[in-house]
Amino acid sequence: MKREPGLDLLRCVALLCVITFHGFLYNGYYREHQAGGAMLLAGSVRWLSVSCVGLFLMLTGYLKSGRTELRACYRGLPSVLLGYLLAAAVSIPVRHFFLGDPQPLFIWVRRLLGFRGVYYGWYVEMYVGLMLLSPFVNRALMAQPSRGGLLALGAVLLAVTALPGATPLELAPAYWRSMYPLTYYVLGALVRRFQPEIPPWAGLAGALLTALGLGAATVLSTGGDLSGAFTQEFGDLWIVVMVVCLFVGLYRVRPGGRLGRLLSWGAGGCFGGYLLSHLLDAWCYRLIPGWRTPGRYPLLFLTVTVPIFLCSILGGKLLELGCKQLLKLGRRRAPCLR
(Lines give C-alpha, C1' and ligand atoms only; values in the text may rest on other atoms or scores of the structure.)
Protein backbone atom coordinates (compact mmCIF):
# COMPACT_ATOMS: atom_id res chain seq x y z
CA MET A 1 0.00 0.00 0.00
CA LYS A 2 1.26 3.46 -0.90
CA ARG A 3 2.27 5.49 2.15
CA GLU A 4 -0.49 7.86 3.22
CA PRO A 5 0.55 10.99 5.18
CA GLY A 6 -2.78 11.11 6.98
CA LEU A 7 -2.07 7.72 8.53
CA ASP A 8 1.35 8.91 9.69
CA LEU A 9 -0.39 11.90 11.28
CA LEU A 10 -2.81 9.56 13.05
CA ARG A 11 0.05 7.45 14.42
CA CYS A 12 1.68 10.53 15.89
CA VAL A 13 -1.63 11.80 17.29
CA ALA A 14 -2.27 8.38 18.85
CA LEU A 15 1.14 8.37 20.56
CA LEU A 16 0.61 11.91 21.85
CA CYS A 17 -2.75 10.77 23.24
CA VAL A 18 -1.05 7.81 24.95
CA ILE A 19 1.46 10.04 26.72
CA THR A 20 -1.21 12.63 27.58
CA PHE A 21 -3.48 9.94 29.02
CA HIS A 22 -0.71 8.45 31.13
CA GLY A 23 0.33 11.93 32.26
CA PHE A 24 -2.92 12.10 34.23
CA LEU A 25 -1.63 9.20 36.32
CA TYR A 26 1.16 11.46 37.58
CA ASN A 27 -0.19 15.02 37.59
CA GLY A 28 -2.51 14.60 40.57
CA TYR A 29 -5.77 14.63 38.57
CA TYR A 30 -7.24 11.56 40.29
CA ARG A 31 -6.79 13.11 43.74
CA GLU A 32 -8.38 16.45 42.85
CA HIS A 33 -11.90 17.52 43.77
CA GLN A 34 -13.92 17.07 40.58
CA ALA A 35 -15.67 20.41 40.39
CA GLY A 36 -15.31 23.67 38.51
CA GLY A 37 -14.29 24.73 35.02
CA ALA A 38 -10.62 23.78 35.39
CA MET A 39 -11.48 20.18 36.23
CA LEU A 40 -14.12 20.02 33.49
CA LEU A 41 -11.48 21.10 30.96
CA ALA A 42 -8.89 18.72 32.41
CA GLY A 43 -11.38 15.85 32.35
CA SER A 44 -12.30 16.61 28.73
CA VAL A 45 -8.64 16.51 27.67
CA ARG A 46 -8.21 13.25 29.56
CA TRP A 47 -11.24 11.73 27.81
CA LEU A 48 -9.95 12.85 24.43
CA SER A 49 -6.63 11.17 25.17
CA VAL A 50 -8.42 7.85 25.84
CA SER A 51 -8.79 7.65 22.04
CA CYS A 52 -5.18 6.45 21.84
CA VAL A 53 -5.70 2.69 21.76
CA GLY A 54 -8.69 2.86 19.43
CA LEU A 55 -6.73 4.98 16.93
CA PHE A 56 -3.91 2.44 16.81
CA LEU A 57 -6.39 -0.43 16.37
CA MET A 58 -8.34 1.32 13.62
CA LEU A 59 -5.03 1.97 11.85
CA THR A 60 -4.32 -1.76 12.07
CA GLY A 61 -7.69 -2.63 10.54
CA TYR A 62 -7.27 -0.03 7.80
CA LEU A 63 -3.81 -1.28 6.84
CA LYS A 64 -4.16 -5.04 7.36
CA SER A 65 -7.69 -5.83 6.23
CA GLY A 66 -6.73 -6.32 2.57
CA ARG A 67 -4.64 -9.42 3.31
CA THR A 68 -6.03 -12.94 3.39
CA GLU A 69 -2.99 -15.23 3.12
CA LEU A 70 -1.61 -16.39 6.45
CA ARG A 71 1.98 -15.67 5.42
CA ALA A 72 1.17 -12.08 4.44
CA CYS A 73 -0.76 -11.44 7.66
CA TYR A 74 1.88 -12.98 9.93
CA ARG A 75 4.92 -11.50 8.18
CA GLY A 76 5.12 -8.52 10.53
CA LEU A 77 4.85 -10.47 13.79
CA PRO A 78 8.61 -11.22 14.16
CA SER A 79 9.45 -7.50 14.06
CA VAL A 80 6.71 -6.74 16.62
CA LEU A 81 7.96 -9.44 19.00
CA LEU A 82 11.57 -8.42 18.47
CA GLY A 83 10.64 -4.81 19.20
CA TYR A 84 9.01 -5.94 22.43
CA LEU A 85 12.12 -7.91 23.44
CA LEU A 86 14.42 -4.97 22.73
CA ALA A 87 12.14 -2.62 24.65
CA ALA A 88 12.10 -5.09 27.55
CA ALA A 89 15.91 -5.26 27.46
CA VAL A 90 15.89 -1.50 28.13
CA SER A 91 12.88 -1.37 30.45
CA ILE A 92 13.70 -4.19 32.87
CA PRO A 93 17.10 -2.88 34.05
CA VAL A 94 15.78 0.68 34.34
CA ARG A 95 12.75 -0.41 36.34
CA HIS A 96 14.86 -2.73 38.50
CA PHE A 97 17.70 -0.36 39.35
CA PHE A 98 16.30 3.15 38.96
CA LEU A 99 12.49 3.17 39.23
CA GLY A 100 12.04 1.32 42.50
CA ASP A 101 10.87 -2.08 41.19
CA PRO A 102 13.62 -4.56 42.19
CA GLN A 103 12.53 -8.16 41.61
CA PRO A 104 14.19 -11.59 41.62
CA LEU A 105 15.36 -12.87 38.24
CA PHE A 106 12.58 -15.46 37.96
CA ILE A 107 9.95 -12.72 38.41
CA TRP A 108 11.46 -10.70 35.55
CA VAL A 109 11.62 -13.81 33.35
CA ARG A 110 7.98 -14.57 34.11
CA ARG A 111 7.01 -10.97 33.35
CA LEU A 112 8.99 -11.06 30.10
CA LEU A 113 7.25 -14.23 28.91
CA GLY A 114 3.87 -12.85 29.99
CA PHE A 115 4.34 -9.62 27.98
CA ARG A 116 4.96 -7.66 31.17
CA GLY A 117 8.64 -7.02 30.56
CA VAL A 118 7.49 -3.61 29.30
CA TYR A 119 4.98 -1.67 31.36
CA TYR A 120 2.61 -1.35 28.41
CA GLY A 121 3.35 -4.82 27.03
CA TRP A 122 -0.33 -5.74 27.30
CA TYR A 123 -0.82 -3.94 23.98
CA VAL A 124 1.71 -6.23 22.27
CA GLU A 125 -0.05 -9.28 23.69
CA MET A 126 -3.40 -8.04 22.43
CA TYR A 127 -1.98 -7.03 19.03
CA VAL A 128 -0.38 -10.44 18.45
CA GLY A 129 -3.70 -12.17 19.12
CA LEU A 130 -5.51 -9.78 16.79
CA MET A 131 -2.97 -10.45 14.03
CA LEU A 132 -3.37 -14.21 14.45
CA LEU A 133 -7.10 -13.78 13.87
CA SER A 134 -6.77 -11.20 11.09
CA PRO A 135 -6.59 -13.46 7.99
CA PHE A 136 -9.84 -15.15 8.94
CA VAL A 137 -11.55 -11.87 9.80
CA ASN A 138 -10.36 -10.43 6.49
CA ARG A 139 -11.78 -13.36 4.55
CA ALA A 140 -15.12 -12.91 6.28
CA LEU A 141 -15.11 -9.21 5.39
CA MET A 142 -14.25 -9.88 1.75
CA ALA A 143 -16.91 -12.58 1.52
CA GLN A 144 -19.55 -9.95 2.31
CA PRO A 145 -19.92 -7.94 -0.91
CA SER A 146 -22.82 -5.71 0.08
CA ARG A 147 -22.42 -2.38 1.80
CA GLY A 148 -25.43 -3.09 3.98
CA GLY A 149 -24.01 -6.40 5.19
CA LEU A 150 -20.70 -4.81 6.19
CA LEU A 151 -22.45 -1.95 7.99
CA ALA A 152 -24.65 -4.49 9.77
CA LEU A 153 -21.53 -6.33 10.96
CA GLY A 154 -20.09 -3.09 12.30
CA ALA A 155 -23.39 -2.27 14.04
CA VAL A 156 -23.57 -5.72 15.66
CA LEU A 157 -20.00 -5.42 16.96
CA LEU A 158 -20.78 -1.98 18.38
CA ALA A 159 -23.91 -3.33 20.07
CA VAL A 160 -22.02 -6.27 21.56
CA THR A 161 -18.80 -4.56 22.67
CA ALA A 162 -19.42 -0.79 22.87
CA LEU A 163 -23.05 -0.28 23.85
CA PRO A 164 -22.92 -2.03 27.27
CA GLY A 165 -20.63 0.65 28.69
CA ALA A 166 -22.40 3.64 27.15
CA THR A 167 -24.27 4.52 30.36
CA PRO A 168 -24.43 3.24 33.93
CA LEU A 169 -27.66 1.50 32.86
CA GLU A 170 -27.50 -2.10 31.66
CA LEU A 171 -28.50 -1.51 28.05
CA ALA A 172 -27.00 -4.76 26.79
CA PRO A 173 -25.16 -7.82 28.14
CA ALA A 174 -21.57 -6.87 28.97
CA TYR A 175 -19.94 -10.27 28.50
CA TRP A 176 -18.26 -9.34 25.18
CA ARG A 177 -16.95 -5.86 26.10
CA SER A 178 -13.32 -7.05 26.11
CA MET A 179 -13.65 -7.96 22.43
CA TYR A 180 -13.37 -4.27 21.52
CA PRO A 181 -10.05 -4.70 19.59
CA LEU A 182 -11.99 -6.65 16.94
CA THR A 183 -14.58 -3.87 16.74
CA TYR A 184 -11.95 -1.22 16.09
CA TYR A 185 -10.22 -3.48 13.56
CA VAL A 186 -13.46 -3.95 11.61
CA LEU A 187 -14.24 -0.22 11.78
CA GLY A 188 -10.81 0.51 10.30
CA ALA A 189 -11.50 -2.04 7.57
CA LEU A 190 -14.86 -0.38 6.80
CA VAL A 191 -13.21 3.02 6.48
CA ARG A 192 -10.76 1.53 4.01
CA ARG A 193 -13.59 -0.09 2.03
CA PHE A 194 -15.91 2.94 1.90
CA GLN A 195 -13.37 5.82 2.02
CA PRO A 196 -15.71 8.36 3.68
CA GLU A 197 -14.89 11.99 2.97
CA ILE A 198 -15.39 14.22 6.01
CA PRO A 199 -13.72 17.64 6.42
CA PRO A 200 -10.97 17.56 9.05
CA TRP A 201 -12.67 20.34 11.00
CA ALA A 202 -15.88 18.29 11.23
CA GLY A 203 -14.07 15.20 12.53
CA LEU A 204 -12.11 17.23 15.06
CA ALA A 205 -15.24 19.10 16.17
CA GLY A 206 -17.10 15.82 16.70
CA ALA A 207 -14.28 14.41 18.82
CA LEU A 208 -13.87 17.60 20.86
CA LEU A 209 -17.61 17.97 21.54
CA THR A 210 -17.83 14.33 22.62
CA ALA A 211 -14.83 14.80 24.93
CA LEU A 212 -16.42 17.95 26.38
CA GLY A 213 -19.65 16.05 26.99
CA LEU A 214 -17.75 13.28 28.79
CA GLY A 215 -15.89 15.87 30.86
CA ALA A 216 -19.17 17.45 31.88
CA ALA A 217 -20.67 14.05 32.70
CA THR A 218 -17.66 13.28 34.91
CA VAL A 219 -18.06 16.48 36.92
CA LEU A 220 -21.86 16.31 37.15
CA SER A 221 -22.08 12.61 38.04
CA THR A 222 -20.10 12.89 41.25
CA GLY A 223 -20.02 14.98 44.40
CA GLY A 224 -16.34 15.61 43.80
CA ASP A 225 -14.91 12.15 44.32
CA LEU A 226 -13.71 10.68 41.02
CA SER A 227 -14.34 7.12 42.23
CA GLY A 228 -18.07 7.74 41.90
CA ALA A 229 -17.96 9.45 38.52
CA PHE A 230 -19.23 8.34 35.13
CA THR A 231 -16.60 6.07 33.59
CA GLN A 232 -15.74 4.76 30.13
CA GLU A 233 -13.25 2.15 28.95
CA PHE A 234 -11.21 2.03 25.73
CA GLY A 235 -13.92 0.22 23.79
CA ASP A 236 -17.06 1.89 25.12
CA LEU A 237 -19.42 3.71 22.80
CA TRP A 238 -18.53 7.35 23.48
CA ILE A 239 -14.84 6.57 23.19
CA VAL A 240 -15.55 4.81 19.88
CA VAL A 241 -17.38 7.94 18.69
CA MET A 242 -14.31 10.09 19.44
CA VAL A 243 -11.94 7.62 17.78
CA VAL A 244 -14.02 7.36 14.61
CA CYS A 245 -14.39 11.16 14.41
CA LEU A 246 -10.63 11.66 14.73
CA PHE A 247 -9.83 8.88 12.29
CA VAL A 248 -12.19 9.87 9.48
CA GLY A 249 -11.31 13.52 9.98
CA LEU A 250 -7.56 13.02 9.66
CA TYR A 251 -6.88 9.91 7.56
CA ARG A 252 -7.28 11.78 4.25
CA VAL A 253 -5.16 14.78 5.29
CA ARG A 254 -2.26 15.17 2.86
CA PRO A 255 0.50 17.28 4.43
CA GLY A 256 3.30 17.61 1.93
CA GLY A 257 6.85 18.81 1.80
CA ARG A 258 8.91 18.84 4.97
CA LEU A 259 5.91 18.28 7.23
CA GLY A 260 4.94 15.13 5.36
CA ARG A 261 8.50 13.80 5.53
CA LEU A 262 8.73 14.65 9.22
CA LEU A 263 5.48 12.81 9.96
CA SER A 264 6.67 9.81 7.96
CA TRP A 265 9.91 9.74 9.93
CA GLY A 266 8.22 10.19 13.30
CA ALA A 267 5.52 7.60 12.62
CA GLY A 268 8.22 4.93 12.42
CA GLY A 269 9.08 5.55 16.07
CA CYS A 270 5.54 5.44 17.45
CA PHE A 271 5.40 1.73 18.29
CA GLY A 272 8.73 1.71 20.10
CA GLY A 273 7.98 5.09 21.61
CA TYR A 274 4.76 3.71 23.09
CA LEU A 275 6.63 0.80 24.69
CA LEU A 276 9.37 3.00 26.16
CA SER A 277 7.30 6.02 27.17
CA HIS A 278 6.60 4.76 30.70
CA LEU A 279 10.27 5.07 31.64
CA LEU A 280 10.21 8.79 30.84
CA ASP A 281 6.81 9.26 32.50
CA ALA A 282 7.96 7.66 35.73
CA TRP A 283 11.16 9.72 35.82
CA CYS A 284 10.14 13.16 34.56
CA TYR A 285 7.10 13.68 36.76
CA ARG A 286 9.20 12.99 39.85
CA LEU A 287 11.22 16.10 39.08
CA ILE A 288 8.29 18.53 39.40
CA PRO A 289 6.04 17.45 42.30
CA GLY A 290 5.05 21.07 43.02
CA TRP A 291 3.42 21.52 39.62
CA ARG A 292 0.71 18.92 40.10
CA THR A 293 -2.24 21.30 40.37
CA PRO A 294 -5.10 21.83 37.88
CA GLY A 295 -4.06 25.40 37.14
CA ARG A 296 -0.68 24.19 35.92
CA TYR A 297 -1.88 21.29 33.76
CA PRO A 298 -1.41 23.30 30.53
CA LEU A 299 2.13 24.16 31.61
CA LEU A 300 2.81 20.51 32.41
CA PHE A 301 1.56 19.53 28.97
CA LEU A 302 3.89 21.96 27.19
CA THR A 303 6.97 21.42 29.34
CA VAL A 304 6.68 17.71 30.19
CA THR A 305 4.16 15.83 28.01
CA VAL A 306 5.33 17.24 24.67
CA PRO A 307 9.07 16.68 25.43
CA ILE A 308 8.29 13.11 26.56
CA PHE A 309 6.42 12.62 23.28
CA LEU A 310 9.40 13.83 21.24
CA CYS A 311 11.93 11.82 23.24
CA SER A 312 9.72 8.72 22.99
CA ILE A 313 9.71 9.03 19.20
CA LEU A 314 13.51 9.30 19.20
CA GLY A 315 13.76 6.23 21.43
CA GLY A 316 11.28 4.43 19.19
CA LYS A 317 13.35 5.26 16.11
CA LEU A 318 16.43 3.74 17.77
CA LEU A 319 14.37 0.66 18.62
CA GLU A 320 13.14 0.49 15.01
CA LEU A 321 16.73 0.72 13.75
CA GLY A 322 17.83 -2.05 16.10
CA CYS A 323 14.98 -4.30 14.93
CA LYS A 324 15.82 -3.73 11.27
CA GLN A 325 19.50 -4.51 11.82
CA LEU A 326 18.79 -7.70 13.76
CA LEU A 327 16.22 -8.90 11.22
CA LYS A 328 18.64 -8.14 8.39
CA LEU A 329 21.35 -10.10 10.19
CA GLY A 330 18.93 -12.98 10.70
CA ARG A 331 18.07 -13.09 7.00
CA ARG A 332 21.75 -13.16 6.08
CA ARG A 333 22.44 -16.10 8.37
CA ALA A 334 19.29 -18.03 7.52
CA PRO A 335 20.70 -19.71 4.36
CA CYS A 336 23.61 -21.09 6.41
CA LEU A 337 21.17 -22.81 8.74
CA ARG A 338 19.38 -24.78 6.04
Side-chain angles (χ1 to χ4, degrees), residues 11-32 42-43 45-46 48-53 55-56 80 82-105 107-112 114-127 226 234 265-323:
R11 289 186 185 95
C12 294
V13 168
L15 179 60
L16 181 60
C17 285
V18 165
I19 296 169
T20 302
F21 176 56
H22 292 145
F24 283 95
L25 298 174
Y26 300 94
N27 66 11
Y29 170 81
Y30 293 96
R31 296 187 297 273
E32 290 290 336
V45 173
R46 177 187 169 275
L48 185 65
S49 69
V50 180
S51 303
C52 53
V53 171
L55 286 173
F56 278 125
V80 171
L82 181 58
Y84 164 72
L85 291 175
L86 290 178
V90 175
S91 179
I92 289 174
V94 173
R95 291 163 67 188
H96 183 91
F97 292 108
F98 301 107
L99 295 182
D101 190 18
Q103 299 292 339
L105 178 61
I107 294 293
W108 284 121
V109 171
R110 186 168 68 181
R111 287 183 179 180
L112 178 68
F115 291 94
R116 298 300 180 269
V118 174
Y119 196 79
Y120 304 135
W122 68 269
Y123 183 87
V124 179
E125 184 178 22
M126 177 267 293
Y127 180 87
L226 193 61
F234 287 127
W265 182 86
C270 285
F271 172 67
Y274 179 22
L275 297 182
L276 295 173
S277 61
H278 166 69
L279 303 180
L280 291 168
D281 287 339
W283 178 64
C284 290
Y285 284 96
R286 290 183 180 182
L287 304 178
I288 46 172
W291 286 15
R292 299 175 189 178
T293 59
R296 293 180 175 176
Y297 287 169
L299 183 63
L300 275 174
F301 178 80
L302 293 174
T303 60
V304 181
T305 303
V306 172
I308 288 175
F309 166 69
L310 297 174
C311 291
S312 296
I313 285 182
L314 291 175
K317 291 298 293 185
L318 292 174
L319 201 70
E320 179 190 41
L321 179 62
C323 285

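Everything quoted here is computed from the prediction, not taken from an experiment.
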key: Side chain to side chain, F56 and V18, heavy atoms closer than 4.5 Å   = yes
query = Who are the salt bridge (charged side-chain N to carboxylate O under 4.0 Å, His left out) partners of R116, not counting sequence neighbours?
reply = E125
ask   = Got a sec, which pairs hit side chain to side chain donor-acceptor pair (under 3.5 Å) with one end in residues 268-283, sequence neighbours left out?
value = Y26-H278
task = With sequence neighbours excluded, tell me which residues meet salt bridge (charged side-chain N to carboxylate O under 4.0 Å, His left out) with E32.
result = none
inquiry  = Run the ring pair (Phe, Tyr, Trp, His ring centres under 6.0 Å) test against Y127 and tell me which residues pass, sequence neighbours left out.
reply    = none
request  = Write out all pairs satisfying salt bridge (charged side-chain N to carboxylate O under 4.0 Å, His left out) with one or both partners inside residues 82-91, taking only residues at least two apart or from two chains.
outcome  = none
ask   = Please walk me through it: do I308 and Y285 pass side-chain contact (heavy atoms from CB on, under 4.5 Å)?
value = CA-CA 10 Å; I308 288 175; Y285 284 96; 4.0 Å; yes
key: Test side-chain hydrogen bond (donor to acceptor under 3.5 Å, both in side chains) applied to Y29 - qualifying residues, sequence neighbours left out   = Q34
message = Restricting to side chain to side chain contact (heavy atoms under 4.5 Å, CB included), what partner residues turn up for R95, sequence neighbours left out?
response = S91, L99, D101, W108, R111, Y119, L279
query = Quick one: side chain to side chain contact (heavy atoms under 4.5 Å, CB included) partners of Y84, sequence neighbours excluded?
reply = L112, F115, V118, V124
query = Do the side chains of K317 and W265 get nearer than 4.5 Å, heavy atoms only?
reply = yes
message = What verdict does the side-chain contact (heavy atoms from CB on, under 4.5 Å) test give for F301 and V45, after you've listed the backbone C-alpha separation in whole Å, the side-chain angles of each residue and the deciding distance to 0.1 Å?
response = CA-CA 11 Å; F301 178 80; V45 173; over 6 Å; no
ask   = Are any of the side-chain heavy atoms of L302 and Y297 separated by less than 4.5 Å?
value = no
message = Tell me every residue that passes side chain to side chain contact (heavy atoms under 4.5 Å, CB included) with L25, counting only those two or more places apart in sequence or in another chain.
response = H22, Y30
task = Test side-chain contact (heavy atoms from CB on, under 4.5 Å) on C52 and F234 and set out the steps.
result = CA-CA 8 Å; C52 53; F234 287 127; 4.2 Å; yes
remark   = Sequence neighbours excluded, the answer for side chain to side chain contact (heavy atoms under 4.5 Å, CB included) partners of P102 is H96
key: S312: partners by side-chain hydrogen bond (donor to acceptor under 3.5 Å, both in side chains), with sequence neighbours left out   = none
key: Residue pair C17 / V13, side-chain heavy-atom distance below 4.5 Å   = yes
